[in-house]
Colleague: 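Can you read through this structure? Questions will come right after.
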4 protein chains.
Amino acid sequence: MVGTMDGTKQQRRGNTRQRIQDVALQLFAEQGYEKTSLREIAERLDVTKAALYYHFRTKEEIIVSLFEDLTKPIEDLIEWGREQPHTLQTKQEIVRRYSAALTEAEPLFRFMQENQATVRELRIGDTFRDRMRGLKDIIIDPEADLVDQVRSLSALFTLHAGLFVMQDLEGDPERKRKASLEVALDMVRQAHEHARRDR
Amino acid sequence: MVGTMDGTKQQRRGNTRQRIQDVALQLFAEQGYEKTSLREIAERLDVTKAALYYHFRTKEEIIVSLFEDLTKPIEDLIEWGREQPHTLQTKQEIVRRYSAALTEAEPLFRFMQENQATVRELRIGDTFRDRMRGLKDIIIDPEADLVDQVRSLSALFTLHAGLFVMQDLEGDPERKRKASLEVALDMVRQAHEHARRDR
Amino acid sequence: MVGTMDGTKQQRRGNTRQRIQDVALQLFAEQGYEKTSLREIAERLDVTKAALYYHFRTKEEIIVSLFEDLTKPIEDLIEWGREQPHTLQTKQEIVRRYSAALTEAEPLFRFMQENQATVRELRIGDTFRDRMRGLKDIIIDPEADLVDQVRSLSALFTLHAGLFVMQDLEGDPERKRKASLEVALDMVRQAHEHARRDR
Amino acid sequence: MVGTMDGTKQQRRGNTRQRIQDVALQLFAEQGYEKTSLREIAERLDVTKAALYYHFRTKEEIIVSLFEDLTKPIEDLIEWGREQPHTLQTKQEIVRRYSAALTEAEPLFRFMQENQATVRELRIGDTFRDRMRGLKDIIIDPEADLVDQVRSLSALFTLHAGLFVMQDLEGDPERKRKASLEVALDMVRQAHEHARRDR
DNA sequence: AATGAATGAGCGTTCATTCAT
DNA sequence: GATGAATGAACGCTCATTCAT
């Protein structure tokens with residue numbers, strides 16, 4: 001149907017799997033998971049639907065594979081965080097690295113943010129929940145005041161907001177990201193200092 | 001929700017429209033918009049799919065009607081806010097009332113939070129975006145530092161987080177809601193004071 | 001919904017039945033029978049679908065009633081024709097009157113012309129077939145050459161064509177109708193004269 | 001039509017598309033377009049409805065494909081006619097070939113004749129109208145008397161009548177077709193001669 | 001003379017998935 | 001490393017029709 005200029009089906013050297021992931025992620029992020037059909041993905045790649053099934057067993061497996069490939073940094077981050085002392089420095093480093101990880105795989109996280117209902121029903125839902133719990137355990141002081149616990153969690157959420165929600169704030173994305181990070185760091189600091197003072 | 005004392009077809013005296021809205025909202029919030037079929041809604045109500053079409057012209061109209069019925073308070077809130085002076089008191093009152101409005105129509109807002117990709121493609125998407133922009137304009141000082149703008153916006157977002165995301169924080173919902181509100185108020189105060197100091 | 005200026009539902013003095021027929025015929029002729037729904041008819045009249053069922057037992061009965069009301073002249077015409085001698089004058093008078101009758105109830109005949117497949121399955125199909133057969137028996141000389149039989153029948157068909165098909169011929173409708181009539185009369189004359197000569 | 005020697009699922013080697021067209025045309029011609037459902041077509045072929053959608057994107061595309069495949073001869077005919085001198089011989093040859101083309105694809109033309117209201121709303125409607133206009137331009141002398149213009153057009157219409165309407169005239173179809181052709185040729189001749197005489 | 005509320009059947013269409021080749 | 005051809009299930013939606021009021 002599409003037919004490229006030189007007649008070749010353009011670089012198809014075993015990288016189809018990757019190309020499927022790329023296109024799928026783009027469409028999932030743009031339109032949502034349910035509204036994106038395998039037909040659509042296949043058409044963009046100029047292959048048949050059946051070809052997708054050569055590389056992935058189900059539609060869900062496509063998103064799962066993306067999740068697994070792209071959230072490795074966050075898994076590592078949590079593992080790293082668990083072994084550190086619960087100091088302010090650690091917490092703030094977590095926030096910094098989390099911000100970086102979010103930015104790195106922005107489309108995936110945008111997708112997860114905007115399709116929570118879907119994600120919850122997918123296999124990745126539980127995994128993701130566990131991760132967030134892991135982060136929470138590192139960043140929150142279990143003996144702290146509830147208000148300060150909320151403040152800490154909200155710091156993480158501020159990072160999400162910075163990426164996905166504040167698009168109609170003027171300013172270039174990188175500056176906004178840095179501003180969000182600064183706010184988040186500040187919130188973590190406040191929560192941490194209150195906790196120490198209260199003891 | 002509906003409660004049937006006996007096994008009969010229960011009071012069907014013109015309240016079907018409302019019953020459809022109730023069931024639909026519950027299912028939309030639980031499973032998402034696309035994964036909830038009209039068949040499912042109809043079955044729960046023990047009517048046929050066609051009956052739904054007597055009361056609503058399309059599936060989308062069901063969610064639109066819910067949105068219109070349930071977000072009136074927020075519309076009013078914005079209108080009120082526009083006429084107030086841009087003082088700290090005003091901003092904090094906005095936050096307080098917004099928190100209350102969110103809580104009031106929790107299932108709808110949970111739905112919107114968790115189905116953003118879907119909502120964006122629905123008619124309500126634009127309306128909602130406009131509202132958030134309205135809120136932003138009241139709560140943000142356009143001359144403030146970008147960091148403080150983010151802080152203000154993030155305050156609103158903290159309220160969302162308090163309702164929908166922090167479910168696995170221990171503590172009863174009402175206490176968590178109050179804690180979120182406190183954090184949000186504090187963020188608004190900080191943003192406001194920075195702005196004044198800088199002048 | 002529609003609501004007229006003075007608040008009254010405009011002249012509804014028992015003429016609803018007629019108004020249903022009018023609107024239905026217009027829509028049937030415009031869009032075809034199957035593509036016209038009772039909902040559409042009801043909406044145009046600003047009544048409910050159920051109201052239609054007060055006046056007609058089924059959708060089919062609406063078209064049947066129109067057929068019966070509007071094709072009486074053709075029935076009469078056939079009855080008259082049967083009692084006349086099979087002269088050229090009779091045949092030509094039939095053609096003239098048929099042309100007039102077609103013009104009189106143009107929308108109905110346009111509908112029947114353009115929805116033959118539908119009409120065939122409706123109750124009126126057989127009736128109509130019988131009528132055409134009646135006309136044929138009057139206008140055709142059974143002993144004539146097949147070519148002349150066709151010529152006679154085609155004369156009738158020319159009248160149809162004049163009304164419904166030749167819309168993109170320039171000239172005002174009345175002139176075209178007269179031209180069609182002239183051609184039809186001429187064809188009948190030719191057929192008749194051949195038959196006489198051959199004897 | 002298809003003919004199954006044994007009760008098995010018969011030769012399904014890439015001829016399904018054609019088989020769909022065959023069955024669809026038969027049913028469309030018998031019952032009309034709207035009254036023929038895809039379910040019905042699928043059942044006759046012993047495939048599922050979804051299989052139809054592998055071969056055609058919509059129901060409309062089935063009829064469009066039939067139209068395009070079967071009316072090619074008429075398109076060619078018009079093209080040929082445009083390049084000929086406007087002599088009587090040309091006009092009569094057009095009529096002869098048109099008659100042959102109609103006969104060749106009788107079911108399709110019967111369908112179009114009996115479902116004009118439907119066809120008008122389909123994509124093929126405009127194309128068909130254009131063709132008829134093309135034929136008209138060849139066969140009609142624009143300076144001729146309106147009566148003779150009608151006579152020429154009516155000649156074409158006689159051919160239609162010969163195929164579809166005169167079924168209850170006795171005589172075998174081929175003889176009737178020839179008789180219609182003869183009448184049509186005669187009408188064209190009369191129209192042509194009048195035009196010459198008037199000059 | 002009409003409405004409000006509903007039904008049952010069916011429609012065209014789309015989807016993820018399968019499997020022989 | 002793919003395709004061609006198909007399936008089964010479901011979907012949103014529309015229709016003519018019914019009936020108590």
Side-chain angles (χ1 to χ4, degrees), chain A residues 9 12-17 20 34-42 45-62, chain B residues 9 12-17 20 34-42 45-62, chain C residues 9 12-17 20 34-42 45-62, chain D residues 9 12-17 20 34-42 45-62:
Chain A
K9 285 228 176 179
R12 240 237 216 126
R13 315 194 188 92
N15 62 348
T16 304
R17 192 190 143 93
I20 293 170
E34 347 258 353
K35 301 255 289 186
T36 301
S37 68
L38 295 185
R39 180 183 54 66
E40 206 174 349
I41 296 174
L45 292 169
D46 200 21
V47 296
T48 60
K49 270 189 291 174
L52 306 185
Y53 280 89
Y54 180 81
H55 296 282
F56 298 94
R57 278 202 319 248
T58 63
K59 184 184 182 185
E60 183 169 354
E61 221 190 47
I62 300 180
Chain B
K9 282 222 174 185
R12 202 178 283 165
R13 304 202 189 84
N15 62 346
T16 305
R17 193 189 143 95
I20 292 170
E34 348 258 353
K35 302 257 289 186
T36 302
S37 70
L38 295 183
R39 179 185 52 68
E40 206 174 349
I41 297 174
L45 292 169
D46 200 23
V47 297
T48 61
K49 269 191 291 175
L52 305 186
Y53 279 91
Y54 179 76
H55 296 280
F56 298 93
R57 275 203 308 250
T58 62
K59 184 185 179 184
E60 183 168 352
E61 223 193 44
I62 300 181
Chain C
K9 285 227 177 182
R12 241 222 227 139
R13 314 196 188 89
N15 62 349
T16 303
R17 191 189 145 94
I20 293 171
E34 347 259 353
K35 301 256 287 184
T36 302
S37 69
L38 295 185
R39 179 182 54 65
E40 207 173 349
I41 297 174
L45 291 169
D46 199 20
V47 297
T48 62
K49 270 189 291 175
L52 306 185
Y53 280 89
Y54 180 81
H55 296 281
F56 298 94
R57 277 203 318 249
T58 63
K59 183 184 180 185
E60 184 169 353
E61 221 190 49
I62 300 180
Chain D
K9 281 223 174 183
R12 205 182 277 168
R13 304 203 190 84
N15 63 346
T16 305
R17 192 190 144 94
I20 293 170
E34 350 257 353
K35 301 257 289 185
T36 302
S37 70
L38 295 184
R39 179 185 53 69
E40 207 174 348
I41 296 174
L45 291 169
D46 200 22
V47 296
T48 61
K49 269 192 291 175
L52 305 185
Y53 279 88
Y54 179 77
H55 296 280
F56 298 94
R57 275 202 307 250
T58 61
K59 184 184 180 186
E60 182 168 354
E61 223 192 45
I62 300 180

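Heavy-atom basis, side chains included; hydrogens, waters and symmetry copies ignored. All chains are named by letter (A, B, ...) in the order of the sequence lines, taking the proteins before the strands, and each is independently numbered beginning at 1.
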Colleague: Strictly below 4.0 Å: does B:Y54 bring a side-chain N or O up to OP1 or OP2 of E:dA6?
Modeller: no
Colleague: Would D:R17 and D:Y54 satisfy side-chain contact (heavy atoms from CB on, under 4.5 Å), going step by step from the backbone distance to the final call?
Modeller: CA-CA 9 Å; D:R17 192 190 144 94; D:Y54 179 77; over 6 Å; no
Colleague: Please state whether the phosphate of E:dA2, meaning OP1 or OP2, lies under 4.0 angstrom from any side-chain nitrogen or oxygen of C:H55.
Modeller: yes
Colleague: Whole angstroms only, please: what is the CG-P distance between C:L52 and E:dG4?
Modeller: 14 Å
Colleague: Between B:Y53 (OH) and E:dG8 (C1'), how many Å, whole number?
Modeller: 16 Å
Colleague: Distance check: side-chain N/O of D:R39 vs OP1/OP2 of E:dC11, anything under 4.0 Å?
Modeller: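 Answer yes for this pair, as a side-chain N or O of D:R39 is under 4.0 Å from OP1 or OP2.
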Colleague: Starting the side chain at C-beta, find the nucleotide from E:dG8, E:dG10, E:dT3 nearest to C:V47.
Modeller: E:dT3
Colleague: Among E:dA6, F:dA2, F:dG8, which nucleotide sits nearest the side chain of B:A51?
Modeller: E:dA6
Colleague: Check the phosphate of F:dA16 against C:T58, side-chain N and O only, distance under 4.0 Å to OP1 or OP2. Yes or no?
Modeller: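 No, no such contact exists.
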Colleague: Is the distance from OP1 or OP2 of E:dC11 to the nearest side-chain N or O of D:S37 less than 4.0 Å?
Modeller: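 Looking at the OP1 and OP2 atoms of E:dC11, one of them is under 4.0 Å from a side-chain N or O of D:S37.
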Colleague: To the nearest Å, how far apart are A:E34 CD and F:dC11 P?
Modeller: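 Rounding to the nearest Å, CD of A:E34 and P of F:dC11 are 12 Å apart.
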Colleague: To the nearest Å, give me how far apart CG (A:D46) and P (F:dG4) are.
Modeller: 11 Å
Colleague: Identify the nucleotide, in any strand shown, that forms a Watson-Crick or G-U wobble pair with E:dA16, with both distances under 3.5 Å; if there is none, say none.
Modeller: F:dT7
Colleague: Could you please name the option among E:dT18, F:dC19, F:dT14 that lies closest to any side-chain atom of C:A50?
Modeller: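 Of all the options, the side chain of C:A50 is nearest to F:dC19.
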Colleague: When only distance counts, do a donor and an acceptor, one from the side chain of C:K49 and one from the base of E:dT3, lie under 3.5 Å apart?
Modeller: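 Check fails, no donor-acceptor contact within cut-off.
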Colleague: If every non-hydrogen atom of B:K59 is compared with every non-hydrogen atom of B:T36, which pair is closest and at what distance?
Modeller: NZ-O, 2.9 Å
Colleague: Does D:T16 have a side-chain nitrogen or oxygen under 4.0 Å from the phosphate oxygens OP1 or OP2 of F:dA6?
Modeller: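 True: D:T16 side-chain N/O within range (under 4.0 Å) of F:dA6 OP1/OP2.
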Colleague: Could you say whether C:R17 or D:K35 is positioned toward the 5' end of DNA chain E, judged by the nucleotide with the nearest heavy atom to each?
Modeller: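 Final value for this comparison: C:R17.
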Colleague: Ignoring the backbone of B:L38, work out which of F:dC13, F:dT3, F:dT18 is nearest its side chain.
Modeller: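 Looking only at side-chain atoms, B:L38 lies closest to F:dC13.
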